[in-house]
Amino acid sequence: MSLLKEQLKNKIPAVQEEIKNLLHEKGDEKISEVTVSQAYSGMRGIKAFVCDTSSVSADKGLIIRGKPLLDITNIAPEEVFFLLLTGDLPTVNQMDNLKKEFSSHLIVPDYVWNVLKALPKDTHPMTMFNTGILAMQGESIFQKKYDKGMPKEEYWEAILDDGIRLLAKLPTLGAGIYRMRFNKGPKIAPDSTKDWAGNFVHMTGLPDEQGSFHKLMQLYFMLHCDHEGGNVSAFASHTVASALSDPYYAVSAGLNGLAGPLHGLANQECLKFVLNVFDEFKGLPSKNALTEYCWNRLNNGRVIPGYGHAVLRCPDPRFSAFIDFGQKHIKNDEIFGIVDLLFKVVPGVLKEHGKAKNPWPNVDAASGSLLYYYGLKEFNFYTVLFSISRSMGMISQMVWERALGIPITRPKSVTTEWIKNNI
Ligand code: HAX
């Protein structure tokens with residue numbers, strides 16, 4: 001048994017007991033009330049379910065298992081996965097064991113590439129990525145064991161087995177799609193001696209003599225791993241998994257939500273916006289010119305991508321971590337300079353505009369400029385990178401939901417007629 005699974009096996013019974021007692025003691029207490037306007041506005045702010053992998057506070061941002069994000073930006077993606085699942089950072093031994101497990105499942109089956117080859121040449125990389133995941137559904141251990149009558153107590157283990165196999169393949173799938181979709185030549189085989197991010201960089205074929213692109217991808221895959229349970233992608237995958245659809249179904253469902261421009265696709269939209277600024281001004285504009293440019297966009301009824309958030313009310317710490325990286329590694333780059341200038345301009349503009357509840361940058365405001373610098377210029381690929389990372393959070397949440405026996409998601413909707421007659 002893997003050391004990760006062993007750790008979870010030790011932890012799960014105590015958490016099950018804790019929650020049983022909590023329900024016994026506080027099961028009838030209220031944690032939220034719902035107003036009519038919340039019912040018409042995306043259920044914003046309603047506390048209605050539990051996610052322990054991470055939480056997001058309006059003024060501090062992402063906290064992973066009690067650790068504020070900016071305290072742990074140095075850890076590797078494999079470590080954050082272990083942390084999301086167990087609440088502990090792995091020992092050296094546990095980390096080696098997890099890396100070995102990932103390394104033995106790197107190969108994406110040939111039939112997946114054949115399915116992807118059959119798609120139109122201009123298919124969006126996110127469509128290719130999600131199709132690739134769904135095409136592998138027949139590999140699901142959960143589904144095979146379920147068909148044979150697996151007892152409920154074993155669900156979480158089968159979800160974890162699927163999750164690790166799927167996660168191991170995602171950098172291979174993503175990098176293969178990058179090369180296929182943007183005519184970069186034949187796929188590059190994974191290297192089982194490399195870590196998750198290093199393997200991705202290797203399989204893209206992009207140069208990285210100094211190792212800084214590898215460092216960026218480690219940070220990138222770490223920062224995007226989870227953002228509590230209520231965001232579109234996490235909630236979609238949570239809902240699909242609650243029907244006992246296996247992780248291949250549930251992760252691809254979540255990622256279809258991530259592919260929306262108000263969610264994960266904002267990273268591609270944001271770099272597109274930054275490049276438009278660069279083209280318009282042939283470089284870095286003045287502060288006044290950029291302010292006017294932003295106002296024009298707002299007056300045309302368009303959002304400023306990379307700014308605003310449904311929960312956060314402060315600059316996103318993930319943005320701050322990317323800006324720190326940029327200051328250290330690519331300080332004098334002009335595209336990065338525009339991102340930096342936007343940070344000085346947009347919050348003021350959005351405050352004056354008066355609509356957005358949060359005028360501050362989110363995770364998507366800075367990441368694209370860094371990827372662009374390292375040669376990953378095809379910005380409609382960026383949400384695939386977000387997806388590779390966010391799958392860790394979805395899978396961690398799923399493992400615990402099955403371990404705790406959380407039932408099928410089924411909130412109750414009401415009709416407008418009901419509201420008129422009953423409130
Ligand atoms: N630019 C212009 N207007 C904005 C805005 C922005 N960046 N952010 C919010 N607003 C507007 C909204 O469109 C809304 O306008 P209407 O009343 O006309 O509909 C109003 O301000 C109130 O919105 P809100 O309550 O502040 O924000 P929501 O919770 O409804 O939406 C969004 C949150 C992130 C979707 C929103 O801020 C947005 O569209 N931002 C730009 C896109 C973006 O960066 N998305 C990525 C978010 C992070 C993420 O999930 N990454 O994956």
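Whatever order the structure lists ligands and atoms in, that order sets their numbers, starting from 1.
Under the 6.0 Å distance and 45° angle rule, Lys187 counts as a cation-pi partner of Trp113.
Counting heavy atoms from C-beta on, the side chains of Trp196 and Leu167 come closer than 4.5 Å. In this structure, the side chains of Glu157 and Leu160 stay at 4.5 Å or more apart for every pair of heavy atoms. In this structure the side chain of Ile133 reaches within 4.5 angstrom of the side chain of Leu170, judged on heavy atoms. At least one side-chain heavy atom of Met126 sits less than 4.5 Å from a side-chain heavy atom of Ser387. Using a 4.5 Å heavy-atom cutoff, the side chains of Ile406 and Val50 are not in contact.
Here the heavy atom of the protein found nearest to atom 25 (O) of ligand 1 is Lys357 NZ, 2.8 Å. At the top of the distance list for atom 45 (N) of ligand 1, counting protein heavy atoms only, stands Leu262 O, 3.0 Å. For atom 42 (C) of ligand 1, the nearest protein heavy atom (residue, atom name, distance) is Pro261 O, 4.1 Å. Counting protein heavy atoms only, atom 3 (N) of ligand 1 is closest to Val303 CG1, 3.9 Å. At the shortest separation from atom 44 (O) of ligand 1 among protein heavy atoms lies Gly306 N, 2.8 Å. Nearest protein heavy-atom contact of atom 43 (C) of ligand 1 is Ala266 CB, 3.6 Å.
For atom 33 (C) of ligand 1, a protein heavy-atom neighbour is found at a distance under 4.0 Å. By the definition of a contact as any protein heavy atom under 4.0 Å away, atom 27 (O) of ligand 1 is not in contact. Protein non-hydrogen atoms do not reach within 4.0 Å of atom 12 (C) of ligand 1.
In this pair, Phe182 and Tyr178 present their aromatic rings tilted. The plane angle is within the 30 to 60° band. In this structure, Tyr220 and Phe322 have tilted ring planes: the angle between them lies in the 30° to 60° band.
Those atoms of ligand 1 with a heavy atom of Leu350 less than 4.0 angstrom away are 1 (N), 2 (C). Against a heavy-atom cut-off of under 4.0 Å, Asp364 is close to the following atoms of ligand 1: 46 (C), 48 (C), 49 (C), 51 (N), 52 (O). Counting the atoms of ligand 1 from 1 in the order shown, those under 4.0 Å from a heavy atom of His309 are 33 (C), 34 (C), 37 (O), 48 (C).
Here Leu258 has no heavy atoms under 4.0 Å from ligand 1, in either its backbone or its side chain. Looking at Asn362 against ligand 1, only its side chain comes within 4.0 Å, counting heavy atoms.
Heavy atoms of other residues, nucleotides or ligands lying less than 6.0 angstrom from NZ of Lys60 number 12 at most. Heavy atoms from other residues, nucleotides or ligands lying under 6.0 Å from OH of Tyr249 number 12 at most.
Using a 4.0 Å heavy-atom cutoff, Asp316 is absent from the residues neighbouring ligand 1.
For atom 37 (O) of ligand 1, the nearest non-hydrogen atom from the set Gly308, Gly264, Pro359, Pro361 belongs to Gly308. Nearest to atom 5 (C) of ligand 1 by heavy-atom distance, out of Ser367, Ala310, Ala356, Ser233, is Ala356. Which of Tyr307, Phe319, Trp360 comes nearest to atom 41 (C) of ligand 1 through a heavy atom is settled by distance: it is Tyr307. The closest heavy-atom contact to atom 1 (N) of ligand 1, among the options Ile304, Val232, Asn231, comes from Ile304. Here the shortest heavy-atom distance to atom 52 (O) of ligand 1, taken over Arg297, His263, Arg44, Arg302, belongs to His263.
A distance of 10.5 Å separates CG in Leu166 from CE in Met394, rounded to the nearest 0.5 Å. Taking CE from Met217 and OH from Tyr374, the interatomic distance works out to 11.5 Å, rounded to the nearest 0.5 Å.
Residue Lys355 has at least one nitrogen or oxygen atom sitting less than 3.5 Å from a nitrogen or oxygen atom of ligand 1, judged on distance alone.
A donor-acceptor contact shorter than 3.5 Å is absent between the side chain of Ser369 and the backbone of Phe336.
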